[in-house]
Amino acid sequence: MALMTAAQYIESLRKLNTKVYMFGERIENWVDHPMIRPSINCVAMTYALAQDPQYAELMTVKSHLTGKTINRFANIHQSAEDLKNKVKMQRLLGQKTASCFQRCVGMDAFNAVYSTTFEIDEKYGTKYHENFKQFLEMVQEEDLTVDGAMTDPKGDRSKAPHGQEDPDLFVRIKERRADGIVVRGAKCHQTGSVNSHWHIVMPTMAMGPDDKDYAVSFACPSDADGLFMIYGRQSCDTRKLEDGADIDLGNRKFGGQEALVVFDDVFIPNEYIFMEGEYDFAGMLVERFAGFHRQSYGGCKVGVGDVVIGAAALAAEYNGVEKASAVKDKLIEMTHLNETLYSCGMACSCEGKPTKCGSYMIDLLLANVCKQNVTRFPYEIVRLAEDVAGGLMVTMPSQKDFDAETVVGKNGETIGDFCNKFFVGNGSCSTEDRMRVMRFLENICLGSAAVGYRTESMHGAGSPQAQRVMIARQGDLQGKKELAKRISGIK
Ligand code: SF4
Ligand code: FE
């Protein structure tokens, strides 16, 4: 099979028996559920753009395994050019969806597992790399979306996995059989899990000998027996359940998705295992996955930032203040911050180097600096967007009020007439368009999309402290001391 179309991707989800729970109940037709569908549309965009001649060159690449054309989301990076194109692709998708399009976690997991399994095999004579290549070939051939699942619940953060009172708080091998393993545990806030055909599970931190049963990585279908998901709610999510909600949603078509993924004794056949007890490689796998995903944020959040800046500029125009120098300066500042993030995403890609197996890895220090900036700049961009747009983005009446024909005025005016009269802008746009841009900003600054643009910028791919640990490790302070000593004449 070649590349899937967006429609084929959506249909392929219907064929899965993925078990999804929301508000305490199983959702049978989750593909058409109004709270879930926008997130599916986002992933579908990764398929649609690959079919679009305008973007096909960026969105597709030749597989290094088979030579066939594949979606770049299933690629193992073969050069610094590949790394840069990955970031450019993510910026493009951010621009097209103004949301988290989810498919990157799988891509980043592929690249981390590919290079790490090679090095595990080199040391232990295992055959994980071969297992993984077989799996990846299937993913590329069938153009699948795969969730990269790393974050365990962790329970008492002061204790290692084996030291937890409840042994299930990190995904673990519960039983070893001749033909595979049985795993138990859960992965938290999993981006795109419901919308993925398969999951790749990885350990969440560096581990010691006592955590052998927790040093496990594998692939399993999203509808495997014993696997289910409990959907995460987002701010203002039930607006999506309202009849005729359109403008009030801000972003009607697209959105992100996170869920708790539970592994309630799931059997994993040997051929899908990529690590089984090699605890000394857990840290490498985590560092590489996190590094790739920290690079990713220098693309996706920048693309969303482009849309935020555009929306703020539109709001200024509709309010009639676009020529005010203070407003212009705020838009410049937003652009400066956004492009700084992009520069970091590009820089860690340009400085990419081959790993032992030949696949390319980003510069880890620069990728961590990239993500550290992402924990800050989108917050400032959003602050400036709210500043420019004005308070109306959170105080205006509902679309139903704008549409209401109930007569309330002494001269026969309706509720809608009053709304349209008093929320008029500078005359260059309809009141409805002004309302649309305000609601869009509300969605991204405070509504359901804020999950992706704000809190995910803080905690996704690791919270700020995780990057600071890596920056400390990679920053070569000793080398810098030597520089100072040499020039200042200290022996
Ligand atoms: Fe991709 Fe960004 Fe979402 Fe991560 S947060 S899955 S990099 S869009
Ligand atoms: Fe993320």
Side-chain angles (χ1 to χ4, degrees), residues 38-47 49 59 71-75 77 83-112 145-151 187-196 199-200 202 204 232 234 251 254-259 261 286 288-308 338 341-342 344-346 348-349 362 367-368 370-375 377-378 444 448-464 466-467:
S39 70
I40 296 176
N41 293 338
C42 262
V43 183
M45 188 59 93
T46 70
Y47 290 88
L49 293 184
M59 294 296 303
N71 192 297
R72 189 178 291 281
F73 278 97
N75 186 39
H77 315 301
L83 292 168
K84 283 194 288 177
N85 282 333
K86 171 198 164 185
V87 174
K88 288 181 186 175
M89 169 179 78
Q90 290 168 310
R91 183 171 190 171
L92 173 69
L93 275 148
Q95 291 171 342
K96 297 286 184 191
T97 60
S99 298
C100 164
F101 36 89
Q102 309 145 54
R103 204 173 168 185
C104 330
V105 278
M107 166 174 57
D108 291 338
F110 300 152
N111 280 275
T145 289
V146 178
D147 183 33
M150 180 163 276
T151 311
K187 293 289 183 183
C188 292
H189 23 84
Q190 286 310 302
T191 295
S193 52
V194 173
N195 303 337
S196 298
H199 278 59
I200 289 183
M202 298 161 283
T204 203
Q234 300 172 333
N251 187 346
F254 302 108
Q257 166 195 109
E258 269 79 26
V261 181
V286 173
R288 291 186 179 179
F289 173 76
F292 280 123
H293 211 57
R294 289 169 194 172
Q295 169 209 25
S296 288
Y297 278 36
C300 76
K301 302 302 176 218
V302 178
V304 179
D306 287 328
V307 191
V308 176
N338 205 39
L341 297 179
Y342 186 57
C344 292
M346 279 290 125
C348 69
S349 305
I362 33 71
N368 277 279
C370 175
K371 173 66 210 320
Q372 182 80 178
N373 283 336
V374 172
T375 66
F377 296 177
I444 219 154
S448 54
V451 176
Y453 194 58
R454 291 176 54 131
T455 317
E456 192 178 50
S457 287
M458 181 68 79
H459 291 291
S463 49
Q467 288 112 57

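Count residues from 1 along the sequence. Counting starts at 1 for both ligands and their atoms, in listed order.
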Give me the residue, atom name and distance of the protein heavy atom closest to atom 3 (Fe) of ligand 1.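 Here the nearest protein heavy atom works out to C100 SG, 2.3 Å.
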What is the closest protein heavy atom to atom 4 (Fe) of ligand 1, and at what distance does it sit?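 Result: H293 NE2, 2.5 Å.
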Does some non-hydrogen atom of K301 fall short of 4.0 Å from ligand 1?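 Yes, K301 has heavy atoms under 4.0 Å from ligand 1.
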With the Fe ion (ligand 2) at the center, what angle do OH from Y297 and OE2 from E456 span, rounded to 10 degrees?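 It is 100°, given to the nearest 10°.
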Using the six-membered ring wherever Trp is involved, compare the ring planes of H77 and F292 and label them parallel, tilted or perpendicular (cut-offs 30° and 60°).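 Ring orientation, 0 to 90° scale: tilted.
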Measure up the H293 and Y297 rings against each other and bin them: parallel (under 30°), tilted (30 to 60°), perpendicular (over 60°).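 Geometry flag for Y297 against H293: perpendicular rings.
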Does C104 bring an N, O or S atom to under 2.8 Å of atom 1 (Fe) of ligand 1?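 Within the cut-off used here (under 2.8 Å), C104 does place an N, O or S atom near atom 1 (Fe) of ligand 1.
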Determine whether the side chain, the backbone, both or neither of E456 has a heavy atom under 4.0 Å from any heavy atom of ligand 1.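 Looking at E456 and ligand 1, just side chain atoms fall under 4.0 Å.
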Can you tell which part of C300 has a heavy atom less than 4.0 Å from ligand 1: side chain, backbone, both or neither?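 Looking at C300 and ligand 1, just side chain atoms fall under 4.0 Å.
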Short side-chain to backbone donor-acceptor contact, [X] and [Y], under 3.5 Å:
{"X": "K187", "Y": "M150", "value": "yes"}
{"X": "Q102", "Y": "N195", "value": "no"}
{"X": "N71", "Y": "Y47", "value": "no"}

Reference residue D108; test salt bridge (Lys or Arg N to Asp or Glu O under 4.0 Å); the match among K86, R294, R288: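 By the salt bridge (Lys or Arg N to Asp or Glu O under 4.0 Å) criterion, D108 pairs with just one of K86, R294, R288: K86.
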Ligand-residue contact atoms, ligand 1 with S296, heavy atoms, under 4.0 Å: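 Taking each heavy atom of S296 in turn, ligand 1 has 7 (S) under 4.0 Å.
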